[in-house]
Participant: 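Handing you a structure now.
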There are 2 protein chains.
Amino acid sequence: MIRRTQAERTDETTTALVRAARALFGAAGYAATSIDAVAAAAGVTKGAAYHHFGGKAPLLRAAFEAELGEVSAKLVGIAASGADQGSALRLGARTFLQHCLDPGFARIVMVDAPAVLGWEVVRAAEHHHLLSVIEAGFVMATGDERLAATRARLVFGALCEAGMMLARSADPAADLPLLTAETDRLVEALKAAPGDRD
Amino acid sequence: MIRRTQAERTDETTTALVRAARALFGAAGYAATSIDAVAAAAGVTKGAAYHHFGGKAPLLRAAFEAELGEVSAKLVGIAASGADQGSALRLGARTFLQHCLDPGFARIVMVDAPAVLGWEVVRAAEHHHLLSVIEAGFVMATGDERLAATRARLVFGALCEAGMMLARSADPAADLPLLTAETDRLVEALKAAPGDRD
DNA sequence: CCATGATTCATACTGTCGGTACGTATCTGC
DNA sequence: GCAGATACGTACCGACAGTATGAATCATGG
């Protein structure tokens, strides 16, 4: 074997493991996928997986973060494109929905991760990667932090539901237009609505 | 032991098992709860559980349906109370959110059930028990079946998100008013919005 | 009322899998 | 080039889902 640094070895192994985890967890689900299977698909053994991740749940977490990271990268690209607040929000929602066309993404991010990692952990990560964008839009529209946070979460819940419908749709291409239109409408409705005191 | 009919024996055992499953699955989660623990809490052994349910997942399904059944019963009560469409919808949403104050309900219905039973199974059951009410309201408001179905799902997604926020809130009583107000606003916005062709 | 069959349930067992312990190979810094 | 650290493979353990298998308990036709 050629000589590699420890950093390179670690990077190659963890990358292969995360790639395998995304593929297997996404296809068969977390519970139905053994660590041995993930390690084998990555070309290593369980020992490597436990050395780098420490368990099965952290492996899912890594796969989960990788999925979110991809969407997040596209979102910051949109934000950097200089589009106005409104169209950036619409584009962001559409980007998220398109990712949901991949059943593996939907399964890992919206089905298995909350059950395995816990709802709060998942929502914290999602807030960091995705929700903060939506929330910023609502803060600007309403001027109320708490109200904006609440509305962003509600919108995000609707987006996830739309994403799952897409992921399980027999003809996703046919459903995408209606779903994007309706989620857009929902966002607009909440941005326009007044923020009364509670 | 006193003499009982088979039907009575079955009923007592299954009832006890479902009760124990709701308590344990709701508190510790599905993955962290063994069948032996559920059976022991019900005063029987694994054999009885497998005889009546056939596995661990069907046990969760029974607990899940029991949780939904309770909400559903309240919803038909509201529907039968003769309230108008609008206030019935608001009352229904509030009823659902109040159930979410029980962390066991939230965990079983919105976190574990989708991962274990599959998203489609869960949403089919939820449609049967809860969603059909919301959908009927939107059909009446928009006149479009497909549009109404889509909007009902989006609203339901937002409701679930609100429910999880409540379930994990440090001070649920303080969050309930804002969340009910905002979900109501969301429903109103979508009912009022026009249904354009896609 | 009893004998035969069906149902309910407990007990003992097996296989799988997550996790751990430990040994070996590979790399780093002195 | 040689201690110490890091990466990884292998052998093992315990927990637990699922499967017989048999013993009670109940139903039913004679």
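Each chain gets a letter, A, B and so on, in the order its sequence line appears, and its residues count up from 1.
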Participant: Test for a donor-acceptor pair under 3.5 Å between the base of dG18(D) and the side chain of Lys46(B), counting only N and O atoms.
Facilitator: yes
Participant: Within a reach of under 6.0 Å around CZ of Arg168(A), are more than 12 heavy atoms found that belong to other residues, nucleotides or ligands?
Facilitator: yes
Participant: Send over the distance from Leu59(B) CG to dA17(D) P, rounded to a whole Å.
Facilitator: 10 Å
Participant: Return a table of donor-acceptor pairs under 3.5 angstrom between the side chains of residues 94-106 of chain B and protein atoms on other chains or two or more places apart.
Facilitator:
unit_1, atom_1, unit_2, atom_2, d
Thr95(B), OG1, Leu91(B), O, 2.8
His99(B), NE2, Lys74(B), NZ, 3.1
Asp102(B), OD1, Gly104(B), N, 2.9

Participant: DNA chain D: Thr45(A) or Tyr50(B), which has the more 5' nearest nucleotide?
Facilitator: Thr45(A)
Participant: Can you give me every donor-acceptor pair (side chain of residues 40-58 of chain A, partner residue at least two apart or in another chain, under 3.5 Å) with its distance?
Facilitator:
unit_1, atom_1, unit_2, atom_2, d
Lys56(A), NZ, Tyr30(A), O, 3.0
Lys56(A), NZ, Thr33(A), O, 2.8

Participant: Do NZ/NE/NH1/NH2 and the carboxylate oxygens of Arg153(B) and Glu182(A) come within less than 4.0 Å?
Facilitator: no
Participant: Regarding Arg90(A) and Asp84(A), does a basic nitrogen lie under 4.0 Å from an acidic carboxylate oxygen?
Facilitator: no
Participant: Show each protein N/O and nucleotides 27-30 of chain D N/O combination with a separation under 3.5 Å, one pair to a line.
Facilitator:
unit_1, atom_1, unit_2, atom_2, d
dA27(D), OP1, Gln6(B), N, 3.3

Participant: State whether the side chain of Thr142(B) and the backbone N or O of Phe138(B) hold a donor-acceptor pair below 3.5 Å, judged by distance alone.
Facilitator: yes
Participant: Rounded to the nearest Å, what distance is computed from the CD atom of residue Glu8(B) to the C1' atom of nucleotide dT8(C)?
Facilitator: 14 Å
Participant: Thr15(B) side chain to Asp11(B) main-chain N or O, any donor-acceptor pair under 3.5 Å?
Facilitator: yes
Participant: How many angstroms lie between OG1 in Thr183(A) and CD in Glu188(A), if you round to the nearest 0.5 Å?
Facilitator: 10.5 Å
Participant: Looking only at atom types and distance, does a side-chain atom of Ser81(A) sit under 3.5 Å from a main-chain N or O of Ile78(A), one as donor and one as acceptor?
Facilitator: yes
Participant: Rounded to the nearest 0.5 Å, what separation is found between the CG atom of Leu131(B) and the NE2 atom of His129(B)?
Facilitator: 12.0 Å
Participant: Using a heavy-atom distance cut-off of less than 4.0 Å, which residues of residues 51-58 of chain A contact DNA chain D?
Facilitator: His51(A), His52(A)
Participant: For the CG atom of Leu179(A) and the CZ atom of Arg151(B), what is their distance to the nearest 0.5 Å?
Facilitator: 12.0 Å
Participant: Rounded to the nearest 0.5 Å, what separation is found between the OG1 atom of Thr150(B) and the CD atom of Glu145(B)?
Facilitator: 10.5 Å
Participant: By a strict heavy-atom criterion of less than 4.0 Å, which residues belonging to residues 21-43 of chain B are in contact with DNA chain D?
Facilitator: Thr33(B), Ser34(B), Ile35(B)
Participant: Measure CG/Leu17(B) against C1'/dT8(C) and give the value in whole Å, please.
Facilitator: 12 Å
Participant: Quick check on dA7(D): is either OP1 or OP2 less than 4.0 Å from any side-chain nitrogen or oxygen of Thr13(A)?
Facilitator: no
Participant: Whole angstroms only, please: what is the CD-P distance between Glu12(A) and dA7(D)?
Facilitator: 13 Å
Participant: Among the clusters formed by ILVMFWY side chains lying less than 4.5 Å apart, do Leu154(B) and Met164(B) turn up in the same one?
Facilitator: yes
Participant: Rounded to the nearest angstrom, tell me the gap between atom CZ in Arg9(A) and atom C1' in dA5(D).
Facilitator: 12 Å
Participant: For the helix from dC1(C)-dG30(D) to dC30(C)-dG1(D), what is the angle between the axes at its two ends, each from 5 pairs, rounded to 10°?
Facilitator: 10°
